[in-house]
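I have placed the structure first, in the form of structure tokens, so that the comments after it can refer back to it.
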Amino acid sequence: MDRYEGLRETVERAVDDDVASADDLVTALAAVRELREELTDWEPLLIGAARRLGVSWADLAPVLGVASRQAAERRYLRLRKPEHEIGLTADGRVQAERDRRAGLRAVRAWAQDNSEVVRKLAALVGSLDDVGDEARPYVDVVSRTLGQDDPVLLIAPMVSAAAHLRDRHPDLVAQVDGVHSEVEHVRRQAVDRRVRR
């Protein structure tokens with residue numbers, strides 16, 4: 001806070017019409033801009049940390065000075081700047097996050113509805129013995145993931161493994177590709193439905 005102590009004094013003097021020079025005001029305004037940028041960077045980091053610790057959007061809303069949990073979440077989404085969203089406006093970041101969540105919900109529902117197919121296919125991939133050294137770690141991940149309750153967790157490891165199994169197991173890879181295509185179709189449909197609203 002020592003960094004901004006001079007700023008505080010300059011502001012107090014400006015309010016009292018006791019500023020020594022225009023340079024003091026210009027320097028103070030530059031410091032205000034720096035402080036604003038720093039606070040803008042800190043706020044989403046603190047909100048994200050609070051969310052990871054289980055603080056609800058409803059509990060964050062009054063602290064953030066907004067009226068609802070939706071407004072609190074929207075504020076967070078507008079402020080944060082993930083690398084994959086560089087170049088998007090604040091509203092674009094909100095839209096991108098909501099589209100991503102809609103896609104995830106749709107894929108999760110599809111995976112639950114098609115759990116038996118996904119699990120059987122993952123079991124086939126995870127039980128392969130005749131794979132090369134490059135493919136072995138990917139197949140092992142699928143095998144370890146089979147114990148998870150949520151079938152959606154099997155899809156990404158299967159797709160990763162399939163990329164290394166094309167030469168030795170083309171038929172099995174074709175089945176994985178089919179599941180992956182269906183999942184991407186479901187995801188795109190969910191996002192398209194959001195866009196049309």
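This one's a predicted model, so the numbers in the text were calculated from it and none came from an experiment.
- Note that CZ of R119 is 14.0 Å distant from CG of L124, once rounded to the nearest 0.5 Å.
- Atom CG of L60 is separated from atom CG of L46 by 10.5 Å, given to the nearest 0.5 angstrom.
- Between D177 and R166 there is a salt bridge, with a side-chain nitrogen of the basic residue lying less than 4.0 Å from a carboxylate oxygen of the acidic one.
- Checked for salt-bridge contact, R136 and D140 meet the test: a charged N lies under 4.0 Å from a carboxylate O.
- Linking Ile, Leu, Val, Met, Phe, Trp and Tyr whenever their side-chain heavy atoms come within less than 4.5 Å leaves V117 and I155 in two separate clusters.
- The cluster map of Ile, Leu, Val, Met, Phe, Trp and Tyr, joined by side-chain heavy atoms under 4.5 Å apart, puts V176 and L128 in the same cluster.
- P62 and A58 get closest at one heavy-atom pair: CD-O, 3.2 Å.
- Cluster membership check: V55 does not share its hydrophobic cluster with V63, using side-chain heavy-atom separations under 4.5 Å among Ile, Leu, Val, Met, Phe, Trp and Tyr.
- By the side-chain contact (heavy atoms from CB on, under 4.5 Å) test, V179 pairs with W110, L121, V183, sequence neighbours left out.
- Heavy-atom neighbours of D133 CG from other residues, nucleotides or ligands within 6.0 Å: at or below the threshold of 12.
- The main-chain N or O of A111 is never found under 3.5 Å from a side-chain atom of S115 such that the two would form a donor-acceptor pair.
- Separation of atoms CZ (R187) and CZ (R105) is listed at 12.5 Å; rounding is to 0.5 Å.
- A 4.5 Å side-chain heavy-atom check between Q112 and P151 finds at least one atom pair inside the cut-off.
- Salt bridge annotation for R108-D150: present, with a cationic side-chain nitrogen under 4.0 angstrom from a carboxylate oxygen.
- Between the T145 side chain and the V141 main chain, a donor and an acceptor come within less than 3.5 Å of each other.
- Within the structure, every pair that satisfies the ring pair (Phe, Tyr, Trp, His ring centres under 6.0 Å) test and touches residues 156-191, not counting sequence neighbours, is listed here: Y138-H164.
- Under the 4.5 Å side-chain criterion, counting only non-hydrogen atoms from C-beta, E38 is not in contact with D41.
- Note that CG of L35 is 7.0 Å distant from CH2 of W42, once rounded to the nearest 0.5 Å.
- Among all heavy-atom pairs drawn from A190 and A102, the shortest one is CB-O, 3.6 Å.
- From L64, atom CG reaches atom CZ of R74 across 14.5 Å, with rounding to the nearest 0.5 Å.
- Here the straight-line distance linking atom CE of M158 with atom CG of L165 works out to 11.5 Å at 0.5 Å rounding.
- The shortest non-hydrogen separation linking G126 to V142 is N-CG1, 3.9 Å.
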